[in-house]
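When a residue number appears, it is its place in the shown sequence, counting from 1. Each ligand, and each atom within it, is numbered from 1 in the order the structure gives.
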Amino acid sequence: MAKDKKVLVVGGGGRCHAIVDALSRSPQVAKIWCAPGNAGIAAQAECVPLKDTDVQGLLSFAQKEGIDLTVVGPEAALSVGVVDAFRAAGLKIFGHTQAATRIESSKEFAKILMDKYDIPTAGYRSFDDFQAALDYVNARPFPAVLKYDGLAAGKGVVIAADAAEAEAALRSMLLDEAFGKGRVVVEDFLTGPEFSFMAFVDGERVYPMPLSQDHKRAFDGDKGPNTGGMGAYTGLPFIMEEDRAFAQKAILEATAKAMVAEGCPLSGVLYGGLMKTPDGIKVIEFNARFGDPETEVVLPLLESDIYDIFEAVATGRKASEPVWRNAVTLGVVLASKGYPGSYEKGAEILGTEQVDAKIYHMGTKRDGDRLLTNGGRVMMVVAEGKNARAAREKVYAEIAKIHCDNLFHRRDIAHWALDGKILDGKALAASIKDELRDRVGKLEVKYGRKPSLAVIIVGNNPASQVYVRNKVKSAIYVGMNSRLITMAEDTSEEALLKMIDSLNRDPEVDGILVQLPLPKQIDEARVIDAIAQEKDVDGFHPLNVADLWLGRKCTVPCTPKGIVRLIDESGLDLTGKTAVVVGRSNIVGKPVAKLLLDRNATVIVAHSRTKDLKRITLQADVLVVAVGKVNVVTGDMVKPGAVVIDVGMNRDAEGKLCGDVDYVTARLNASWITPVPGGVGPMTIAMLMENTVECFLARIDPQ
Ligand code: NDP
């Protein structure tokens with residue numbers, strides 16, 4: 001194959017740099033020009049000082065240089081009709097006509113098309129009258145999705161949380177005409193992870209690219225203002241192959257066919273901004289060109305000759321199916337401090353030549369030998385790995401070599417793929433309680449009596465009051481009989497023991513729980529000993545403790561039992577795994593260790609003040625932390641992929657409930673993690689209900 005083709009790429013950002021980079025790998029391409037290009041592109045193409053919307057200038061240049069093929073990056077160039085002009089002049093160009101570009105430039109056109117051809121998307125209505133739009137929005141549940149119907153540089157979408165936000169947005173779009181005169185599309189709010197599915201499209205021919213996901217918010221944890229994109233990655237674990245196949249057929253191929261039927265066939269990139277909703281995959285938006293920053297992570301995986309694909313689409317010839325490397329790419333945008341608000345330009349960037357990863361320039365310029373920042377998003381560093389974790393480690397290691405006073409970047413790109421999934425104790429506890437409620441109803445029919453729980457609280461410790469109330473509330477929900485016995489702060493040990501004794505002898509009582517801690521005149525150990533073993537729903541009685549350690553049938557204490565159930569939810573098989581328990585109280589740390597041993601884990605029980613606790617915790621495939629102190633474990637102490645169970649319940653400086661584990665940093669390494677509140681706490685109560693039912697059964701039907 002002769003290496004003699006001349007290519008002009010229109011555009012200048014990171015996306016065009018990735019296109020130029022892919023073209024420079026083509027065995028057919030001899031020379032690339034880029035208009036206007038940028039300082040990074042200049043290393044691989046000759047930059048031409050022409051604006052991407054200067055149709056006449058671009059056309060004359062292509063004719064003068066004898067360009068074989070022109071490739072258009074940005075939507076602005078497409079919507080001013082650069083493709084139509086080139087085609088009219090008999091030049092080969094990759095990109096959609098002005099008519100086909102409406103799939104992006106008019107939200108209403110796209111919505112009508114999807115409606116007409118049954119392409120799954122959110123319900124909508126469109127308005128040009130401010131009052132009518134406001135009335136419609138206010139009559140529907142919030143949040144409301146408001147989209148300006150036209151090109152608005154990615155800033156024309158507002159998710160309004162309430163009536164005031166909606167009114168302000170509609171006012172700016174329809175009355176103040178912030179983006180020009182136009183209409184507003186009001187859409188139903190959908191939930192689920194969003195992802196991007198791009199394809200090269202030539203009429204009805206669709207050549208899909210790998211899926212990717214970008215990160216729109218400026219800061220870690222998807223916080224802060226919306227941006228043009230702060231990073232992206234490929235290899236999305238939450239999209240199954242059947243989802244992908246559905247999206248290809250029912251969305252991309254269906255849309256390509258629809259556009260042909262409408263008389264405006266596609267001949268470039270169709271970008272589906274999709275969402276995996278509880279009702280299936282739906283379209284959030286279409287774009288008529290490569291996505292930015294998705295292109296920067298997708299194109300590096302292309303093994304085929306991109307010139308061949310571009311040329312085939314531009315001329316309506318069938319291309320051979322593109323081949324993509326089976327790896328994961330992950331890219332992180334380095335942006336000027338202040339972006340997406342105001343920022344300074346001209347800061348020097350050092351160290352890029354040391355970087356062993358792709359760097360796509362977005363807003364840079366050269367000043368002699370010096371590389372300077374020259375935009376909001378400055379560059380994107382893209383690394384490849386066999387999986388997302390490897391790619392992430394690599395990209396951040398390479399970024400560390402780049403030095404600039406005025407750049408920042410997100411540290412959690414691909415968190416959807418990598419960071420700990422939440423072990424939702426609240427949801428699990430709710431489903432356990434629902435099952436128990438069913439069971440209790442049946443037990444009453446069978447035995448003529450419901451299980452019954454007696455809860456004693458002595459004194460007025462506010463935390464204890466809350467716990468006790470929650471326990472009684474749950475007992476009522478499950479349908480059990482419950483009795484709350486409140487005793488004064490100065491109750492004597494004798495009076496309490498007498499109360500326990502009467503409950504021990506009451507045939508109608510199946511479970512007795514004394515809320516700890518107790519006022520200091522009362523010896524906790526004596527109280528626990530006094531509860532009849534068969535009514536000890538907490539599992540604290542010495543005979544229950546002994547039975548637990550001897551492997552006999554017994555009441556298993558609630559919190560440890562709940563912890564193991566949460567670990568089971570993660571799907572981890574504990575056999576041969578290392579479990580580390582930090583904290584060694586009799587009610588949590590020690591019994592949890594025994595339960596984990598019973599699951600064939602190797603268990604280390606650590607003193608919370610162990611010197612170099614990190615050395616111990618880093619061995620843990622399962623890490624249970626039950627100390628009662630804020631930040632006993634931080635992210636750097638968590639082995640990548642570990643299941644982390646945070647038992648602690650503490651108040652931070654602002655009085656907010658928090659655990660023993662620094663959730664934000666630990667989540668970056670954990671594969672699963674329990675939140676506080678909402679993890680172990682609700683499970684403890686659900687297990688108490690289960691224990692009460694078991695004690696009832698053991699008493700009423702000892703078989
Ligand atoms: P304890 O106060 O009983 O124990 C905390 C630490 O005290 C232990 O890690 C240990 O420290 C020391 N300790 C206590 N008892 C012993 C003992 N018998 N032998 C040796 N050392 C001991 O706390 P809990 O285990 O009751 O609770 C820990 C955290 O979990 C608290 O924040 C609590 O609020 C929370 N919790 C949450 C529950 C829930 O449902 N979510 C239920 C129960 C507790 P060291 O290892 O440093 O010596």
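- Distances below 4.0 Å separate heavy atoms of N586 from the following atoms of ligand 1: 18 (N).
- Interface atoms of ligand 1 facing A626, defined by a heavy-atom separation under 4.0 Å, are 9 (O), 28 (C).
- Residue-ligand proximity: M683 is placed with every non-hydrogen atom at 4.0 Å or more from ligand 1.
- Here the shortest heavy-atom pairing between V545 and F540 reads CG2-O, 3.6 Å.
- Side-chain contact check for D222 and H415: at least one donor-acceptor pair (N or O, by modelled atom type) lies under 3.5 Å.
- If you check which protein heavy atom lies closest to atom 8 (C) of ligand 1, you get R584 N, 3.6 Å.
- Near T559, with a cut-off below 4.0 Å to any heavy atom, the atoms of ligand 1 are 40 (O), 42 (C), 43 (C).
- The number of heavy-atom neighbours closer than 6.0 Å to CD of E489, taken from other residues, nucleotides and ligands shown, is above 12.
- Summary of contacts: the protein heavy atom closest to atom 5 (C) of ligand 1 is V627 O, 3.2 Å.
- Ranking the protein heavy atoms by distance from atom 47 (O) of ligand 1 puts S608 OG, 2.2 Å first.
- Contact check on R483 versus E508 returns no salt bridge, with no Lys/Arg side-chain nitrogen under 4.0 Å from an Asp/Glu carboxylate oxygen.
- Near N650, meaning under 4.0 Å from one of its heavy atoms, ligand 1 places the atoms 32 (O).
- Formation of a donor-acceptor pair under 3.5 Å by the D646 side chain with backbone atoms of V633 is not found in this model.
- Protein heavy atom nearest atom 9 (O) of ligand 1, with residue, atom name and distance: G583 CA, 2.9 Å.
- Summarising the geometry, atom NZ belonging to K282 is positioned 6.0 Å from atom CG belonging to L190; distances are rounded to the nearest 0.5 Å.
- For the pair T234 and V328, the tightest heavy-atom approach, listed with the atom from each and the gap, is O-CG1, 3.3 Å.
- Under the 4.0 angstrom criterion for non-hydrogen atoms, G589 is not in contact with ligand 1.
- Close approach to K590 involves these atoms of ligand 1, each under 4.0 Å from a residue heavy atom: 17 (C), 18 (N), 19 (N).
- In K426, the NZ atom is not crowded: 12 or fewer heavy atoms of neighbouring residues, nucleotides or ligands sit closer than 6.0 Å.
- With hydrogens left out, the protein atom closest to atom 39 (C) of ligand 1 is M649 CE, 3.5 Å, a heavy atom.
- Looking at atom 40 (O) of ligand 1, its nearest protein heavy atom turns out to be T684 OG1, 2.7 Å.
- Looking only at side-chain heavy atoms (C-beta outward), I645 and W672 stay at 4.5 Å or farther from each other.
- Residues V527 and L497 share a closest heavy-atom pair of CA-CD2, 4.1 Å.
- Nearest to atom 29 (C) of ligand 1 among the protein's heavy atoms is G628 N, 3.7 Å.
- Nearest to atom 13 (N) of ligand 1 by heavy-atom distance, out of P682, P591, S585, is S585.
- Open room surrounds CZ on R526; 12 or fewer heavy atoms of other groups in view lie less than 6.0 Å from it.
- Put simply, NZ on K590 and CG on L595 are 14.5 Å apart, with the number rounded to the nearest 0.5 Å.
- Comparing heavy-atom distances from atom 26 (O) of ligand 1 across I587, L688, V632 singles out I587 as nearest.
- Here the heavy atom of the protein found nearest to atom 37 (C) of ligand 1 is V647 O, 3.2 Å.
- The residue V582 has no part lying near ligand 1, judged by heavy-atom distances below 4.0 Å.
- Ligand 1 has no N or O atom lying under 3.5 Å from any N or O atom of D660, backbone or side chain.
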